[in-house]
Structure formats: structure tokens, C-alpha cells
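So the structure is just underneath, and the comments pick up after that.
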Amino acid sequence: MAHVVCEPCLDCKYTNCVVVCPVEAFREGERMVYIDPTVCIDCDACVPECPVDAIYSEEEVPEKWRHYIQLNAEMAAKCPVITEKKKPLCES
Ligand code: SF4
Ligand code: F3S
């Protein structure tokens, strides 16, 4: 099991989540971040950090976003680690 970043992160990327992860499980894609399920220890620390509620534990991912489970796993394998906060895409 792991935590999963879902659609609210898309074109937003607040990155508040990445700084609290104790195991550096976040990966940065161009339009959103992903969690590497082989690294995440399900600590829950990132969940309350996201202002748009994009992060769910795998078993709690809403039905409409179930495909994000596979997407996080696939994209995390290809994207670089992110541990520092950046300017969000969605901030005006
Ligand atoms: Fe990192 Fe914990 Fe979030 Fe997993 S649940 S990505 S280990 S902060
Ligand atoms: Fe995305 Fe929320 Fe993190 S918008 S980058 S999951 S704080």
C-alpha cells in the first residue's frame, strides 16, 4: 500500500507535501507530483499538507481517480525526486 496523488494536483503542484515526507517518496512531473509506491511508508504526513486535498491512501482513492494509482507508480519510476517547495503552478 501507498499514498496516491490525484487529479486536484494537476496543473497546481503546491509542493507543500514534498517537504514533509520522511522518506523522499515524491517525484516531480511537469504538471503534478507523484508518490513512488515502492518508497512511501503510509505515514499520512503529506495528506493534511495539501491545500487542494489531492492525496489519499490507496484504499481511500475516490472511484473516479482510481487510475491515478497506476499513474503514480508508472510516472514515479520516470520522474526525479522532489524534496523542496517550489512556486505553485496554480498561484496567480
Ligand atoms: Fe511520504 Fe508519508 Fe506521504 Fe507516503 S504518506 S508520501 S511516506 S509523507
Ligand atoms: Fe500537489 Fe497538493 Fe502536493 S497540489 S504538489 S499534492 S501539496
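Both ligands and their constituent atoms are indexed starting at 1 by order of listing.
With ligand atoms numbered from 1 in the order given, ligand 1 contributes 1 (Fe), 6 (S), 7 (S), 8 (S) to contacts under 4.0 Å with heavy atoms of Cys21. Atoms of ligand 2 lying under 4.0 Å from any heavy atom of Val52, numbered from 1 in the order shown and given with element: 4 (S). Heavy-atom contacts of Cys43 reach the following atoms of ligand 1: 2 (Fe), 5 (S), 7 (S), 8 (S) (cutoff under 4.0 Å). Shown in contact with Cys40 at under 4.0 Å from a heavy atom are these atoms of ligand 1, numbered in order with element: 4 (Fe), 5 (S), 6 (S), 7 (S). Taking every non-hydrogen atom of Val23 and a distance limit under 4.0 Å, the qualifying atoms of ligand 1 come out as 7 (S).
Looking only at atom types and distance, the side chain of His3 has a donor-acceptor partner in the side chain of Asp44 under 3.5 Å away.
Taking both residues in full, the closest heavy atoms of Ile82 and Thr15 are given as CD1-CG2, 4.0 Å, listed atom of the first, atom of the second, then distance. Between Val61 and Arg66, the shortest heavy-atom contact is O-NH1, 3.2 Å. Across every non-hydrogen atom of Asp53 and Pro8, the tightest pair is O-CG, 4.1 Å.
Contact between Val20 and ligand 1 is absent, with no heavy atom of the residue lying under 4.0 Å from the ligand.
Classification of Glu28 and Lys86 as a salt-bridged pair holds, one side-chain N sitting under 4.0 Å from a carboxylate O.
The shortest contact between atom 3 (Fe) of ligand 1 and any protein heavy atom is with Cys46 SG, 2.3 Å.
Rounded to the nearest 0.5 angstrom, Leu10 CG and Met32 CE are separated by 6.5 Å. Taken to the nearest 0.5 Å, the CD atom of Glu24 stands 5.5 Å off from the OG1 atom of Thr83.
Between Lys85 and Asn16, some side-chain heavy-atom pair lies under the 4.5 Å cut-off.
With hydrogens and angles disregarded, no donor-acceptor distance shorter than 3.5 Å links the side chain of Asp36 to the backbone of Ala76.
Remark: Glu84 CD is loosely packed, at most 12 non-hydrogen atoms of other residues, nucleotides or ligands lying under 6.0 Å away.
Of the heavy atoms in Ile41, both backbone and side-chain atoms come closer than 4.0 Å to ligand 1. With a heavy-atom cut-off of 4.0 Å, Val47 does not touch ligand 1 at all.
Protein N/O/S atoms closer than 2.8 Å to atom 3 (Fe) of ligand 2: Cys17 SG.
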